[in-house]
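All values reported here derive from a predicted model rather than from experimental measurement.
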Amino acid sequence: MTPADSTFLPADWFARPATDVAPDSIGCTLVRELPNGQILRGRIVETEAYTPDDPACHAYRRQTQRNAVMFGPPGIAYVYLIYGIYHCLNLVTDADGVPSAVLIRALELDTLPPSLDLATPPKLHRIAAGPGKLCRALQIDRSLNAHPLHPSSSLWLEPRPTNWQHQLDSGHLTLTQTTRIGLTQGVDLPWRWYLSNSAAVSKR
DNA sequence: TGAAGGATTTGT
DNA sequence: CAAATCCTTCAC
């Protein structure tokens with residue numbers, strides 16, 4: 001199966017409030033085709049929502065060069081550099097002109113990424129645990145900012161597996177909602193979601 | 001033009 | 001708890 005044959009979530013799937021897309025993204029698969037052609041897949045297990053009236057949102061005050069993509073149409077990648085070291089990947093959500101996004105905080109990879117760092121411990125479930133480590137593992141940086149979430153961008157999402165609802169109903173998976181991490185504003189908004197069964201989720 | 005600080009991670 | 005490290009934002 002080539003990337004173009006894959007089922008991917010279309011732009012209008014993201015055309016909803018970030019507080020809807022964030023929990024609905026849990027269980028979906030983030031797919032990244034590396035520059036060398038290798039394809040990495042990871043199940044999304046932790047997300048956060050950022051909305052226009054949210055003090056913690058980059059677009060809360062006004063549109064700037066950095067946050068401009070959040071103001072655009074949904075289904076686009078918003079990638080920014082944090083602390084001069086790490087990149088963070090967001091999915092732009094909601095209608096064109098409504099600046100909001102979903103931060104992808106953790107993945108469960110199904111494959112060990114190549115050449116991370118020879119000293120990286122081979123704990124597969126920890127490699128994409130955290131927004132900065134996730135981008136490092138998938139080789140995501142600002143060159144992907146403003147790219148559509150589409151196979152032609154080498155970065156896209158795939159829907160939840162067909163047995164997703166059954167896994168929730170059977171208690172095999174548990175989706176939890178709570179407050180976000182690392183913020184100085186909007187600390188009480190319960191806009192973080194995670195699979196409580198996952199070992200990749202940020203500790204709290 | 002400069003200074004402060006950040007949606008992180010790691011090690012002390 | 002502080003360092004790493006650099007880009008963005010805001011004040012002057």
Counting any heavy atom closer than 4.0 Å, what does A:R142 reach on the DNA or RNA strands: base, sugar-phosphate only, or nothing? sugar-phosphate
Sorted by chain and residue number, the salt bridge (charged side-chain N to carboxylate O under 4.0 Å, His left out) partners of A:R43 (sequence neighbours excluded) come out as A:E108
Residues in salt bridge (charged side-chain N to carboxylate O under 4.0 Å, His left out) with A:E46, at least two apart? A:R105, A:R192
Show me the pairs that pass salt bridge (charged side-chain N to carboxylate O under 4.0 Å, His left out) and involve residues 7-16 of chain A, at least two apart or across chains. A:R16-A:D24
Enumerate the residue pairs fulfilling ring pair (Phe, Tyr, Trp, His ring centres under 6.0 Å) with a member in residues 129-155 of chain A, sequence neighbours excluded, ordered by first and then second residue. A:F8-A:H150
Nearest-Å distance, CD (A:Q63) to C1' (C:dT8)? 15 Å
Output the rounded distance in Å from CG (A:L134) to C1' (B:dT9). 13 Å
Please identify each residue that fulfils side chain to side chain donor-acceptor pair (under 3.5 Å) with A:S143, with sequence neighbours left out. A:D141
Any side-chain hydrogen bond (donor to acceptor under 3.5 Å, both in side chains) involving residues 84-99 of chain A? Give me the pairs, sequence neighbours left out, ordered by first then second residue. A:T93-A:S100
For C:dA3 versus B:dA4, give the span between their P atoms, rounded off to a whole number of Å. 15 Å
Taking only the P atom of each, what is the distance from C:dT5 to B:dG2 in whole angstrom? 23 Å
Below 3.5 Å, can you tabulate the donor-acceptor pairs from side chains in residues 76-83 of chain A to any protein atom, sequence neighbours excluded?
{"residue": "A:Y78", "atom": "OH", "partner": "A:H58", "partner atom": "ND1", "Å": "2.7"}

Dot-bracket assigned to DNA chain C with the 3.5 Å Watson-Crick/G-U criterion, [ ] for crossing and | for other-strand pairs, is ||||.||||||.
Spell out, as yes or no, whether a donor-acceptor pair under 3.5 Å connects the side chain of A:R32 to the backbone of A:L138. yes
Taking only N/O atoms, report every protein-nucleotides 3-8 of chain B pair under 3.5 Å with atom names and distance.
{"residue": "B:dA7", "atom": "OP1", "partner": "A:H58", "partner atom": "NE2", "Å": "2.9"}
{"residue": "B:dA7", "atom": "N9", "partner": "A:Y80", "partner atom": "OH", "Å": "3.3"}
{"residue": "B:dA7", "atom": "N7", "partner": "A:A56", "partner atom": "O", "Å": "3.3"}
{"residue": "B:dA7", "atom": "N7", "partner": "A:H58", "partner atom": "NE2", "Å": "3.1"}
{"residue": "B:dA7", "atom": "N1", "partner": "A:N90", "partner atom": "OD1", "Å": "2.5"}
{"residue": "B:dA7", "atom": "N3", "partner": "A:Y80", "partner atom": "OH", "Å": "3.0"}
{"residue": "B:dT8", "atom": "OP1", "partner": "A:R105", "partner atom": "NH1", "Å": "3.1"}
{"residue": "B:dT8", "atom": "O3'", "partner": "A:G132", "partner atom": "N", "Å": "3.4"}

